[in-house]
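In what follows, a single structure is set out as structure tokens and then discussed.
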Amino acid sequence: MEINLIGFDITLGQKKPENIINHEAACPFCDRAHLTDIIDTDGDIILLKNKYNVLENADQLVLIESSHCEQDIPDYTADHLHRLFRFGIRHWLRMQDTGKYETVLFFKNHGPMSGGTLRHPHMQIIGFRKLDEHLTFDPDEFIGLTIHQKNGVEFNISTRPRIGFGEFNVVPDSNDSIDTVADYIRIAVDYLMHHFNKRCKSYNLFFYRHEGLLRVKILPRFATSPLFIGYNIRFRPSNLESIAQKVQEIYFN
């Protein structure tokens with residue numbers, strides 16, 4: 001089986017700060033006076049180089065979403081939300097278009113089960129010099145039951161999920177409706193964190209570009225099933241239609 005295999009610097013990784021579990025630890029993203037290697041800003045949105053570049057043959061960037069440590073996507077004003085995703089997507093695509101990297105990933109971790117280490121809302125952009133993009137996702141993972149459509153953007157719940165259990169997709173037919181994409185992302189995150197399951201405290205947000213078009217996946221995160229970890233078995237839950245109906249009732253009626 002073909003795989004992407006990347007070296008990880010354990011020594012450097014052990015130095016990374018963590019305050020999702022260790023709540024008393026200081027937040028480096030709140031200490032804005034001492035941030036270094038800043039690439040660009042838009043108000044209190046900041047893009048900078050990651051101090052802990054633990055991945056081999058890669059350049060890692062951090063996108064600090066806001067100056068408010070305890071906020072997250074559902075809490076942002078519409079203006080801030082739209083500026084944030086326009087800013088992040090612009091830099092992600094610009095990094096791809098340099099030709100320096102074989103693959104550039106753009107994603108977000110939130111919560112203790114997400115794989116993240118810092119509570120402060122942030123996303124990451126990582127450029128890999130050697131990484132097969134075709135092994136990073138399957139276009140069929142964005143097929144799903146349509147929940148809503150607006151401005152050429154489809155918001156659906158996946159019927160061919162990447163892992164399983166309540167995966168939402170945002171699928172635009174052009175890259176001109178970033179604000180609508182951002183609005184659907186906010187709805188998906190708000191639903192997962194406040195209406196989906198009382199045990200859901202974590203999610204991931206992943207961006208892809210397929211045949212030049214943006215694709216977004218929003219996943220709730222729990223302890224991952226051993227059947228997926230060991231055998232790559234994914235799950236299509238029996239309540240997809242009821243989830244879609246509930247989202248429609250809460251956000252679109």
Side-chain angles (χ1 to χ4, degrees), residues 6-77 79-96 98 100-101 103-129 131 182 185-186 189-190 192-193 200-207 218-221:
I6 298 294
F8 187 99
D9 187 334
I10 292 295
T11 301
L12 184 58
Q14 289 173 339
K15 298 177 182 178
K16 293 177 66 175
E18 191 284 323
N19 68 1
I20 292 180
I21 305 300
N22 181 16
H23 297 291
E24 302 304 316
C27 175
F29 296 159
C30 287
D31 186 11
R32 297 201 156 212
H34 292 94
L35 293 175
T36 59
D37 295 318
I38 292 174
I39 296 169
D40 195 10
T41 63
D42 183 349
D44 61 351
I45 302 167
I46 300 175
L47 181 70
L48 70 164
K49 293 182 179 179
N50 194 326
K51 282 187 176 181
Y52 302 92
N53 209 86
V54 296
L55 301 176
E56 182 180 53
N57 292 321
D59 292 325
Q60 298 178 239
L61 309 182
V62 174
L63 195 168
I64 301 174
E65 299 175 24
S66 165
S67 59
H68 300 284
C69 195
E70 298 301 320
Q71 287 189 349
D72 193 38
I73 288 171
D75 306 310
Y76 301 152
T77 66
D79 174 70
H80 186 89
L81 179 81
H82 295 161
R83 286 191 298 108
L84 171 65
F85 283 102
R86 285 191 229 119
F87 179 90
I89 290 169
R90 180 173 71 252
H91 279 284
W92 170 53
L93 296 179
R94 184 177 296 168
M95 199 166 170
Q96 286 186 351
T98 63
K100 183 179 178 181
Y101 306 101
T103 302
V104 182
L105 306 183
F106 181 27
F107 63 97
K108 172 171 178 158
N109 307 320
H110 176 89
M113 303 299 293
S114 68
T117 57
L118 291 176
R119 169 64 184 84
H120 198 118
H122 67 285
M123 292 182 269
Q124 298 182 59
I125 304 175
I126 305 178
F128 291 90
R129 294 177 182 83
L131 191 82
I185 291 171
R186 184 216 289 272
V189 171
D190 187 72
L192 290 176
M193 298 304 289
C200 184
K201 305 297 182 185
S202 306
Y203 70 88
N204 287 121
L205 172 60
F206 299 110
F207 294 82
I218 308 98
L219 299 85
R221 291 299 307 275

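As the structure is a prediction and not an experimental result, all values here were calculated from the model.
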> Counting N and O atoms only, with roles assigned by atom type, does the side chain of Asn53 sit under 3.5 Å from a partner on the main chain of Ala58, one being a donor and the other an acceptor?
Replying inline: yes
> About how many Å separate CZ of Phe207 and CZ of Phe85, when rounded to the nearest 0.5 Å?
Replying inline: 4.5 Å
> Minimum heavy-atom separation for Leu105 to Phe128, with atom names?
Replying inline: CD1-CE1, 3.5 Å
> Could you state the interatomic distance from CG (Leu47) to CZ (Phe87), rounded to the nearest 0.5 Å?
Replying inline: 5.0 Å
> So do His110 and Val189 actually touch side chain to side chain, heavy atoms under 4.5 Å?
Replying inline: no
>> Would you say that Asp40 contacts Arg90 through its side chain, given a criterion of any heavy-atom pair below 4.5 Å between the two side chains?
In response: yes
>> For a 4.5 angstrom cut-off between non-hydrogen side-chain atoms, does Pro112 reach Ile21?
In response: yes
> Given side chains that start at C-beta, do those of Phe107 and Phe206 come closer than 4.5 Å, heavy atoms only?
Replying inline: yes
> Is there a donor-acceptor pair under 3.5 Å between the side chain of His120 and the backbone N or O of Ser66?
Replying inline: yes
>> Donor-acceptor pair, distance only, cut-off 3.5 Å: does the side chain of Thr103 make one with the backbone of Leu131?
In response: yes
>> Ile125 and side-chain contact (heavy atoms from CB on, under 4.5 Å): which single residue from Asp59, Val104, Ile89, Val62 fits?
In response: Val104
> Considering only heavy atoms from C-beta outward, does the side chain of Arg32 approach that of Ser67 to under 4.5 Å?
Replying inline: yes
>> Before you tell me yes or no, could you show the steps for Phe29 and Asn19 under side chain to side chain contact (heavy atoms under 4.5 Å, CB included), namely the whole-Å CA-CA distance, both residues' side-chain angles and the distance that decides it to 0.1 Å?
In response: CA-CA 11 Å; Phe29 296 159; Asn19 68 1; over 6 Å; no
> Which distance, rounded to the nearest 0.5 Å, do you find between the CG of Asn109 and the CZ of Arg221?
Replying inline: 8.0 Å
>> Is there a side chain to side chain contact (heavy atoms under 4.5 Å, CB included) between Glu70 and Arg119? Walk through the geometry before answering.
In response: CA-CA 7 Å; Glu70 298 301 320; Arg119 169 64 184 84; 4.0 Å; yes
>> What verdict does the side chain to side chain contact (heavy atoms under 4.5 Å, CB included) test give for Thr117 and Tyr52, after you've listed the backbone C-alpha separation in whole Å, the side-chain angles of each residue and the deciding distance to 0.1 Å?
In response: CA-CA 12 Å; Thr117 57; Tyr52 302 92; over 6 Å; no
> If every non-hydrogen atom of Gly111 is compared with every non-hydrogen atom of Ser202, which pair is closest and at what distance?
Replying inline: C-OG, 3.2 Å
> After noting the C-alpha distance and the side-chain angles of Leu63 and Lys108, does the key distance pass the side chain to side chain contact (heavy atoms under 4.5 Å, CB included) rule?
Replying inline: CA-CA 9 Å; Leu63 195 168; Lys108 172 171 178 158; over 6 Å; no
> Can you tell me how far CG of Asp44 sits from CG of Leu84, rounded to the nearest 0.5 angstrom?
Replying inline: 9.5 Å
> Should the pair Lys15-Asp9 be classified as a salt bridge under the 4.0 Å nitrogen-to-oxygen rule?
Replying inline: no
> Salt bridge check: are Arg186 and Asp190 linked by an N-O gap of less than 4.0 Å?
Replying inline: no
> Does Val54 offer a backbone N or O that forms a donor-acceptor pair with the side chain of Gln60 under 3.5 Å?
Replying inline: yes
>> Looking at every non-hydrogen atom in both residues, tell me the closest pair between Thr36 and Leu48 and how far apart they are.
In response: O-CD1, 3.4 Å
>> How long is the straight-line distance from OG1 of Thr98 back to CG of Leu93, given to the nearest 0.5 Å?
In response: 11.5 Å
> Picking from Arg86, His80, Arg83, what satisfies side-chain contact (heavy atoms from CB on, under 4.5 Å) with Asp42?
Replying inline: Arg83
> For Glu65, which of Leu81, Ile45, Ile73 qualifies under side-chain contact (heavy atoms from CB on, under 4.5 Å)?
Replying inline: Ile73
> Could you state the interatomic distance from CG (Leu219) to OG (Ser114), rounded to the nearest 0.5 Å?
Replying inline: 11.5 Å
> So, does Asp75 use its side chain to make a donor-acceptor pair with the main chain of Asp72 at under 3.5 Å?
Replying inline: yes
